[in-house]
Structures are given as C-alpha cells and as structure tokens.
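Naming: A, B, ... by sequence-line order, numbering from 1 per chain.
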Protein chains: 2
Amino acid sequence: MITASEENYLKSVFKLSEKDKSVSTNDLAQSLGTTPASVSDMVKKLSEKKLLAHQPYKGVKLTQAGKKIALDIVRKHRLWEVFLTQTLEMKWDSVHEIAEQLEHIQSQDLIRKLDAFLGYPRFDPHGDPIPDENGKIEERKTILLGEAKKGAVLLLAGVLTDNSDFLQYLDQQQVRIGSRLTVLEILPFDKSVSLSTGKKQITFSALVCQQLLMMEEV
Amino acid sequence: MITASEENYLKSVFKLSEKDKSVSTNDLAQSLGTTPASVSDMVKKLSEKKLLAHQPYKGVKLTQAGKKIALDIVRKHRLWEVFLTQTLEMKWDSVHEIAEQLEHIQSQDLIRKLDAFLGYPRFDPHGDPIPDENGKIEERKTILLGEAKKGAVLLLAGVLTDNSDFLQYLDQQQVRIGSRLTVLEILPFDKSVSLSTGKKQITFSALVCQQLLMMEEV
DNA sequence: AAAATAATTTAGGTTTGCCAAAATTATGAT
DNA sequence: ATCATAATTTTGGCAAACCTAAATTATTTT
Ligand SMILES: [Mn+2]
Ligand SMILES: [Mn+2]
Ligand SMILES: [Mn+2]
Ligand SMILES: [Mn+2]
C-alpha cells in the first residue's frame, strides 16, 4: 500500500530529476512545501520500501519501482487535466489544483476508461506529454522561446509552470498551446522579445520566455 | 477544514438516520467498518465542531451544519456514479467503490460543471435521488417489491444496497432501473415472488425483494 | 430490586506525517 | 589546514485516526 503523501514525494523526485543527478533534501522540501526534517523522515521510509535510492547527505534517486509509480501518478494527473479542460470546459489555469487531488484516486480500470473516453490524448492542456500505461513518454525537440533567434517561426508546445497568474496572462494575450509565434525582435538590453501572433504584436519579458517551450511547425 | 474521515462519519450518520431517531455508536461502527471506541473518539470531535449533537450513551443526530455537509457528500458521490456509468460506461456494480474516493475531491466549481455536463441528473445509477446544491432531495412514492400485491405492475425505481454481487445478479436477470415487472405469484411458504419482465419469467427470494424499490408507472 | 448482559465511553497505546531545535556532515573561504 | 557556513540528519514532540482492554452506564432478565 502506498499513501497519497508517498505518491507526492515520488512525483516530486521525478520532476526534480535531471539526467542522472540526484535530488537534494532541500529542493524536495521546497517543492513539497514541507521542511527538510520531514523529507529526511519520508526518504528513509521510501528507501526501506526500495522506491528511492538514498546516499546520506548526497540526495536521492528513483529506483525502477519508484519511477514506475511516479510515472503512473504523472499520467493520472495529466489525463485528469485533459478531462477537466476538454470535457468540463474548465480553464487551463484552474485545473492543476484539482488534478493534484484526482491523481490519487485508485482504480486502474477508471484511468483506462478515462483515457479511452478522452481519445488517448498524448499531451495535457499545458503541453506536457502524457505517459502511456507502460510509462513511455513521447519526446519532442523543443527549445525555450528565450533561445529562439530573430525571425524564427515557432509553435507553442508547452509551458514550464502551472502558475495560475502566468497562465491567465497568456490567455489574455491570446497565446495558447499550438499558437504560431514569429520572433520579430530581441531587445539586447533585457532580452525581452517582441513577437507577432498573426493577429497582433506582443512583448514578453525574458522571464516569461524562459517558461515557454517552442517547437518547429510540423 | 474537514477531513475525508470526518465526511465519512457524517455521511454514515445521515444514512443511518430514520425520522427523528438518533444513531447508535455500534451501528455507526458497523457501518464504517471500525470499532465503537473509534466512533466515540470521532463523535466527541464532531460534537465539539457542532456538526453532531451527542447525548452520551444515547446516540447522535446531525446538526443543521452537519446535515448540510452530509448532503453535499452524498450529492458528490451520486453525481460521480452517474459520470462513471454514463460517461465512462462502467457497470453499476463497480462504481460505488470509486465514488467513495471521488466524493472527497474538494471543488465546488468542479461539481457544478460535472452536474451541468451530465445534464443535471436527478437519480444515480442505483435509483438514489441526487440532492441539489441546496441539499433538496426529490421525493417519490415507492414500495418494496416485497410489499407488492399479486397482479401489480411496477417499475424498478431503486436498489437499497450497493453490494456488487447483488447488482451483478440483477444485471444477469436483465433487471435494471426502469424495468417493468409484473407480480405473477407470491409463494405463501417463503414469500418468494415470481415475476414477468415482459421477456421472461423469474423468481426472486424474499431477501432480494426487500432490496428492490418499486414505483407506479408514470 | 438485583443480577446479568449489552452498549458505550475512557484509558493507554500505535502509526503516519508533520514540525522545531540540536547535532552532524559537507562545502567554501581564508 | 582550519574555520565558517550551508545542507542534512537526528531527536523529541504533536495531532489525527485508529485499536484493545478496562471501566462505566443502560437495559433486560430473573
Ligand atoms: Mn498540473
Ligand atoms: Mn499540466
Ligand atoms: Mn454508492
Ligand atoms: Mn448509488
């Protein structure tokens, strides 16, 4: 038996994992909104369960078993987000919080049927890929808008944060997943970028550009 | 803040409440699959929160505030059951367990949108009425099949248990909510009832008949 | 009206997940 | 190499929700 809290820890380790590096106690505490002491407690438990590999004072990595569970939670989270936006027509800035609850509902059958009902979507409303039942994730070649060159024509493939204010702002600018953006100018002073959406012209700060994943037109 | 466990206690009190009678500690323990000692603990807490009115050694009743919460949980449970059967096409014998989890998801907006998406259903897949947002429940005149007279022609309006085996059995007999049943014979020996479904003839034991809510054709 | 039985509450204890403060280990600066 | 700082772990403790066993109160039987 695995608890909702344990699932959240595994999911956070997964999200903070880069390449083969281990995840630090402090980063985990930050990501989970808890304290380093609590993380040490839970890390001990999850290591005993062989879901995390822990090197004291050096951080943790997911084991195979731990990664499997993490991917399953991510899958459920993203499928529910698709359901909330597509089926119930909720806004993309309000679904994350609810999906944080729904991702812990336990029923294989339910998720399989939900997946089928939604038509086996491969990306969630924020452009994040949805792992399949075996934990396989579709890879795409993407760059940050902040790395694009002048004149580039790119599609918005994803956003790197679920922050509600940020998503509402994009909505307001009529920028959403799939939007075609043309880089008109990159200001040397602050690296802010002026763009054409086809309909109008907008400027994004460098900070915003670091959150936008872009891809080539297919 | 109210926990899932507290919600379950309030729901159980609601379900066990008859007329103006109070609900006993033992009955609650039975219904919740826990011990009388645990019930006493929780009853104390919920009384302090003014959600239950407790007379020591005499049982509990819901306060107005407690009833409001209980009805809200029941509403969510039944709406999710409709979603699972109608939208995801799950069987009516498998949705109860999952709805027990989904009923604790916290989001007014979600439930309102789910209700709208489902077309404001008034009954769940087992024929139980769905309270509206104000906790109002639609009343119907129903009788148990066990109380019907020979020759009566009645529609199945609901079932009194979510027991999976029982529901599967009804499915097998092609008896579901809305089925028209004609009482052919009531055996004096064991009060079992033979019926016509229109297509075929079946016999239900007295125990089964005590679980079937019937109503007059509209 | 006692005594026996049943229902309920209380006492004492466990597990899970959390925290603040103290102790330990690692890392960066001198 | 030593010292200072930062990161991590350990210690001791708390609250929620549960349990068993013991004590208390209510109800039924004699
Ligand atoms: Mn999300
Ligand atoms: Mn997402
Ligand atoms: Mn149910
Ligand atoms: Mn039901």
Side-chain angles (χ1 to χ4, degrees), chain A residues 1-18 21-62 66 69-70 73 100-101 103-106, chain B residues 1-18 21-62 66 69-70 73 100-101 103-106:
Chain A
M1 260 308 303
I2 188 153
T3 68
S5 189
E6 290 173 331
E7 288 181 343
N8 283 334
Y9 273 84
L10 294 176
K11 190 179 54 154
S12 276
V13 175
F14 175 76
K15 286 197 173 171
L16 294 175
S17 290
E18 284 174 18
K21 283 195 281 200
S22 30
V23 176
S24 78
T25 302
N26 264 5
D27 286 357
L28 265 175
Q30 167 113 51
S31 157
L32 288 158
T34 179
T35 63
S38 302
V39 173
S40 277
D41 279 355
M42 185 62 97
V43 159
K44 188 183 294 172
K45 191 170 23 146
L46 291 175
S47 298
E48 277 160 10
K49 287 192 178 187
K50 308 281 186 202
L51 299 175
L52 290 181
H54 183 217
Q55 287 206 295
Y57 293 98
K58 299 284 182 170
V60 293
K61 286 179 192 169
L62 287 167
I69 293 172
I73 302 301
E100 289 285 306
Q101 300 178 60
E103 71 190 7
H104 301 293
I105 302 292
Q106 307 237 340
Chain B
M1 260 307 304
I2 188 154
T3 67
S5 188
E6 290 174 331
E7 288 181 343
N8 283 334
Y9 273 84
L10 294 175
K11 190 179 55 154
S12 276
V13 175
F14 175 76
K15 287 197 173 170
L16 294 174
S17 291
E18 284 173 19
K21 283 194 281 199
S22 26
V23 176
S24 77
T25 300
N26 264 5
D27 286 357
L28 265 176
Q30 166 114 50
S31 157
L32 288 157
T34 180
T35 62
S38 301
V39 172
S40 277
D41 279 356
M42 184 62 96
V43 159
K44 189 183 294 170
K45 190 170 23 148
L46 291 175
S47 298
E48 278 159 9
K49 287 194 179 186
K50 308 283 186 202
L51 300 175
L52 289 181
H54 183 215
Q55 287 206 296
Y57 293 97
K58 298 286 182 169
V60 293
K61 287 179 193 170
L62 287 167
I69 293 171
I73 302 300
E100 289 285 308
Q101 300 177 61
E103 71 190 7
H104 301 294
I105 301 292
Q106 308 241 347

Visitor: Counting heavy atoms from C-beta on, name the nucleotide in D/dT27, C/dT9, C/dA20 closest to the side chain of B/K58.
Guide: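 The closest nucleotide is D/dT27.
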Visitor: To the nearest 0.5 angstrom, please state how far the CG atom of B/L10 sits from the CD1 atom of B/I73.
Guide: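 Here the interatomic distance stands at 8.0 Å.
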Visitor: Is there a side-chain contact between B/Y57 and the phosphate of D/dA23, meaning an N or O under 4.0 Å from OP1 or OP2?
Guide: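 No, no such contact exists.
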Visitor: Heavy atoms, side chains only, cut-off 4.5 Å: are B/T34 and B/L28 in contact?
Guide: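 When only atoms from C-beta onward are counted, B/L28 and B/T34 do not touch, as no gap falls below 4.5 Å.
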Visitor: For C/dC18, take OP1 and OP2 only and decide whether either is under 4.0 Å from a side-chain N or O of A/S5.
Guide: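 Yes, A/S5 has a side-chain N/O under 4.0 Å of OP1/OP2 on C/dC18.
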Visitor: Consider the side chain of A/A37, meaning its heavy atoms from C-beta on, and name the nucleotide among D/dA16, C/dC19, C/dA11 that approaches it most closely.
Guide: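 Of D/dA16, C/dC19, C/dA11, C/dC19 is nearest to the side chain of A/A37.
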Visitor: May I have the distance from B/L32 (atom CG) to C/dT8 (atom P), rounded to whole angstrom?
Guide: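 Taking CG of B/L32 and P of C/dT8, I get 14 Å after rounding.
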Visitor: Would you say A/T25 places a side-chain N or O within less than 4.0 Å of OP1 or OP2 belonging to D/dA7?
Guide: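 No.
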Visitor: Could you tell me how far apart A/N8 (CG) and C/dT16 (C1') are, to the nearest whole angstrom?
Guide: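 Value for this atom pair: 15 Å.
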Visitor: Separation of B/D41 atom CG from D/dA21 atom P, in whole Å?
Guide: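 Value for this atom pair: 16 Å.
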Visitor: Heavy atoms, side chains only, cut-off 4.5 Å: are A/V13 and A/L52 in contact?
Guide: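 A side-chain contact under 4.5 Å exists here.
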Visitor: In whole Å, what is the span from the NZ atom of A/K44 to the P atom of D/dT8?
Guide: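 So the two atoms are 16 Å apart, to the nearest Å.
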Visitor: Round to a whole Å and report the spacing from CE of B/M42 to C1' of D/dC19.
Guide: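 After rounding, the gap between these two atoms is 14 Å.
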Visitor: Scan B/S40 against the nucleic acid and name what it touches under 4.0 Å (heavy atoms): base, sugar-phosphate only, or nothing.
Guide: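 Contact class for B/S40: base.
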Visitor: Quick check on C/dC19: is either OP1 or OP2 less than 4.0 Å from any side-chain nitrogen or oxygen of A/S38?
Guide: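 Checking A/S38 against C/dC19: at least one side-chain N or O falls below 4.0 Å of OP1 or OP2.
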Visitor: Roughly how far, to the nearest 0.5 Å, is CG of A/D41 from OH of A/Y9?
Guide: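 Here the rounded value is 7.5 Å.
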Visitor: Quick check on C/dT9: is either OP1 or OP2 less than 4.0 Å from any side-chain nitrogen or oxygen of B/H54?
Guide: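 For C/dT9, OP1/OP2 do have a side-chain N/O of B/H54 under 4.0 Å.
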Visitor: Just wondering, do A/K11 and A/N8 contact through their side chains at under 4.5 Å, heavy atoms?
Guide: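 Yes, their side chains come closer than 4.5 Å.
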Visitor: So does B/N26 get a side-chain nitrogen or oxygen closer than 4.0 Å to the phosphate oxygens (OP1/OP2) of C/dT8?
Guide: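 Checking C/dT8 against B/N26, a side-chain N or O does come within under 4.0 Å of OP1 or OP2.
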Visitor: What is the distance, rounded to the nearest whole Å, between atom CE of B/M1 and atom C1' of C/dC18?
Guide: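 Taking atom C1' of C/dC18 as the reference, CE of B/M1 is at 15 Å.
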Visitor: Check the distance between D/dA15's C1' and B/I2's CD1 and give it to me in whole angstrom.
Guide: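 The distance from CD1 of B/I2 to C1' of D/dA15 comes to 17 Å, rounded to the nearest Å.
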Visitor: Among C/dA21, D/dC19, C/dA7, which is the nearest nucleotide to the side chain of B/T34?
Guide: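 Comparing C/dA21, D/dC19, C/dA7 against the side chain of B/T34, the answer is D/dC19.
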Visitor: Name the closest nucleotide to the A/Y9 side chain, picking from D/dA7, D/dC18, C/dC18.
Guide: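 So the side chain of A/Y9 is nearest to C/dC18.
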Visitor: Quick one: B/E48 CD to C/dT9 P, roughly how many Å, whole number?
Guide: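 About 14 Å, once rounded to whole Å.
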Visitor: Mapping A/E6 and B/V43 onto DNA chain C by nearest heavy atom, which one lands closer to the 5' end?
Guide: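 So the residue in question is B/V43.
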